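In each ligand, atom 1 is the first atom listed, and ligand 1 is the first ligand listed. As the structure is a prediction and not an experimental result, all values here were calculated from the model. Below, all heavy atoms of this structure are taken into account, side chains as well, without hydrogens, waters or symmetry copies.
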Amino acid sequence: MQGTKMAEKRQFHAIKGVRDILPPESALWNRVEAAAREVFAAYGYGEIRLPIFEQTELFARSIGSETDVVQKEMFAFDLYGSRELEKWRGLVRSGPHPKDPLSFQRNFVELIKHWKLAFEQDRLERTTSDVQILQGLDEVNKELLRVIDSGAVGSSEWARQVERGSFLAADLQIGQSVVLRPEATASVCRAYIEHGMHTLPGNVKLYYMGPMFRRERPQKGRYRQFYQIGAEVLGQSDAPAIDAELIEMLVVFFERAGLTGTTLAVNSIGCKECRRKYVELLRAELLKVKEKLGADSQRRIETNPLRVLDSKMPEEQAIIERLPRISDHLCADCRAHFAKLQEELKLRDIQYEINWRLVRGLDYYTRTTFEITAPGLGSQNAVCGGGRYDGLVELLGGPPTKGIGFAIGTDRLILSLQETGKAQATASLDVFVAWMGAAAYPAAVRLARRLRGERLSVEIPAEETKFKKALGLADKLRARHAVIIGDDEVASGQFTLKNLATGEQEKFGEAELVEFLKASAKA
Ligand code: HAM
């Protein structure tokens, strides 16, 4: 009994870095997301709904194994709970122990046992190849027992079976590590390849919205579960007009969402060839000033010198400003691409600034990179980031493909709207139906249903409530109108309507009342 009482008292909290989004704020989220859907549809994008978790390897390969996201921030877990399997497989693969060769067969039995268990518990995918391998393991086990029985341990037949068993164990698809997605570009490319979307006509334009997960240090505008609204264009062309149109769509969306005061920064980080040369030059220059840099930048000289340009450390700023700039080292094609992008932006009247240090934190970018900052966000002021990633699809095993896209941090967009006073709260309730009396109740229920059928939002007390109290609640709920229905109103067929903002009251028959409320909800 005492245990139950203790359990009752326990309070649960959302864990660090994740949060609930409650009404009325969630209505603002819905408005922002609806605006995105509208604008993206106008630009010919279709929605892609992606899985929340994917193979770890997908992100490691796309984002880059040396990036912060992959090194420190991914929430990984073992999908098949296969630690036990991995252990026995390791033992089988290491072969017979010189002092106890028979242990090989015992390990083999354990591997088969745990493998079958994982199958039964549905912890493994039933791929045909695994089922065949499992049959093979069973056969090898029988052969091993036969060799042991005939006293031929150590013979060439024994060695043959041991080798066959190890190969089979190596082929088992075991222990797939998966992560909660830290971003969605890699997933979009994976899906593009998986569904053969390169055969679709024209450019493939997709958008997505949903939660992403990064184990970052939580602070204002930075969460461990955060939301993105993103879009990607994949296809055969890398024309700068595609980049510019994508940015135009962003600008239109921000306008529609009511976000103002944003700044767009663009840059080109070159293609594989010119960037490689620039990175070498940058590394050489950084080595000359290594002692003056902080530990992170010193490490990055080796792992990813471009990221040094991202540094926010005040002591490093003067040094960075003197480093060679990529714009002076772009190849002719990349230089032309960047120049044309700027023309295309001007053609669209899009204000931008060039930030030569904008290299972005993910490795897949080529040529165009961009970032949008918004007011009211403090240090985490990037509300959107994006860029070109030609070659990423190929890197993931698909056909040669060009790509560009962006992701908006929805949490930050909302925060910026709130902090700059653009998130006006709208009354969420159109009508409060106050009723009293046995005859009034059924009339009130019917009226509420009719109004809701007209898409008005309506609240009706579940228990009889004195009018004064009911109207007080209607006020607190910020309803626009209250309908007052007592037995007298039912008898006369005339309902009293009260405007809760002005206090005015008027009587209506039911049909006129419905028409009046419909009209005023639209206004
Ligand atoms: P990203 O710059 O890593 O790019 O993220 C895009 C945006 O997501 C950021 O500008 C920020 O607004 C938001 N964001 C990132 N981390 C957090 C966090 N911990 N808390 C709150 N908001 C956050 C990408 O994810 C790329 N996939 C964008 C892209 C699409 N590039 C090409 N296509």
Side-chain angles (χ1 to χ4, degrees), residues 16-19 21 29 32 40 45 48 50 54 58-59 62-64 67-70 72-75 180-192 204-234 238 242-243 246-247 249-250 254 257 259 262-267 269 307 310 358-374 376-393 401-417:
K16 195 174 166 190
V18 313
R19 64 208 180 108
I21 295 157
W29 282 70
V32 162
F40 296 175
Y45 287 70
I48 180 166
L50 297 157
E54 299 256 16
L58 171 69
F59 297 107
S62 319
I63 299 174
T67 55
D68 286 350
V69 172
V70 170
K72 308 189 250 186
E73 297 170 4
M74 294 210 290
F75 288 100
L180 297 181
R181 60 181 188 192
E183 61 110 50
T185 308
S187 303
V188 170
C189 292
R190 195 256 317 128
Y192 179 84
V204 173
K205 297 166 155 189
L206 299 166
Y207 77 86
Y208 50 84
M209 43 186 82
M212 309 290 156
F213 305 84
R214 296 184 195 174
R215 196 194 306 263
E216 294 193 83
R217 197 171 45 78
Q219 64 181 86
K220 181 180 170 188
R222 197 208 263 159
Y223 312 98
R224 290 182 164 177
Q225 174 173 339
F226 61 100
Y227 295 78
Q228 284 188 344
I229 299 176
E232 316 285 347
V233 186
L234 291 147
D238 60 359
I242 298 177
D243 311 29
L246 182 89
I247 294 174
M249 178 169 91
L250 262 170
F254 281 141
L259 187 71
T262 55
T263 309
L264 164 69
V266 298
N267 191 24
I269 57 164
R307 288 302 310 282
D310 245 1
L358 182 63
V359 292
R360 313 267 304 124
L362 315 169
D363 278 358
Y364 50 61
Y365 291 110
T366 56
R367 291 189 167 166
T368 311
T369 55
F370 58 90
E371 222 159 70
I372 298 176
T373 50
L377 293 174
S379 67
Q380 302 302 312
N381 65 349
V383 74
C384 172
R388 196 157 261 299
Y389 48 85
D390 303 339
L392 176 57
V393 167
T401 307
K402 316 283 188 198
I404 182 164
F406 64 77
I408 296 159
T410 320
D411 308 76
R412 293 185 191 175
L413 167 54
I414 300 281
L415 202 57
S416 180
L417 289 174

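A side-chain donor-acceptor contact under 3.5 Å links Arg214 to the backbone of Pro182.
Using modelled atom types, one finds a donor on one side chain and an acceptor on the other under 3.5 Å when comparing Ser379 with Gln219. Side-chain N/O atoms of Tyr364 and Thr185 include a donor and acceptor closer than 3.5 Å.
Contact annotation: Gly361 has no heavy atom less than 4.0 Å from any atom of ligand 1. Not a single heavy atom of Gly230 sits less than 4.0 Å from an atom of ligand 1. A heavy-atom separation below 4.0 Å is found between Leu362 and ligand 1. For the ligand labelled ligand 1, residue Tyr227 lies outside the 4.0 Å heavy-atom shell.
No N or O atom of Arg222 sits closer than 3.5 Å to an N or O atom of ligand 1. Ligand 1 has an N or O atom lying under 3.5 Å from an N or O atom of Tyr223, backbone or side chain.
Of the candidates Arg222, Arg224, Arg19, Arg19 is the only one forming a salt bridge (Lys or Arg N to Asp or Glu O under 4.0 Å) with Asp411.
Checking Tyr389, Tyr365, Phe370 against atom 31 (N) of ligand 1, the nearest heavy atom belongs to Tyr365. Taking only non-hydrogen atoms, the option from Gly17, Gly386, Ala382, Ala184 nearest to atom 10 (O) of ligand 1 is Ala382. Looking at Arg412, Gln228, Arg360, Arg388 and measuring to atom 25 (O) of ligand 1, the nearest heavy atom belongs to Gln228.
Among protein heavy atoms, the minimum distance from atom 33 (N) of ligand 1 is reached at Glu232 OE1, 2.8 Å. Protein heavy atom in closest approach to atom 27 (N) of ligand 1: Glu183 OE1, 2.6 Å. For atom 7 (C) of ligand 1, the closest heavy atom belonging to the protein is Ala407 O, 3.6 Å. The protein non-hydrogen atom at the shortest distance from atom 14 (N) of ligand 1 is Phe226 CE1, 3.5 Å.
With sequence neighbours left out, the side chain to side chain donor-acceptor pair (under 3.5 Å) criterion links Arg388 to Asp243, Asp390. For Lys16, the side chain to side chain donor-acceptor pair (under 3.5 Å) criterion is met by no residue, not counting sequence neighbours.
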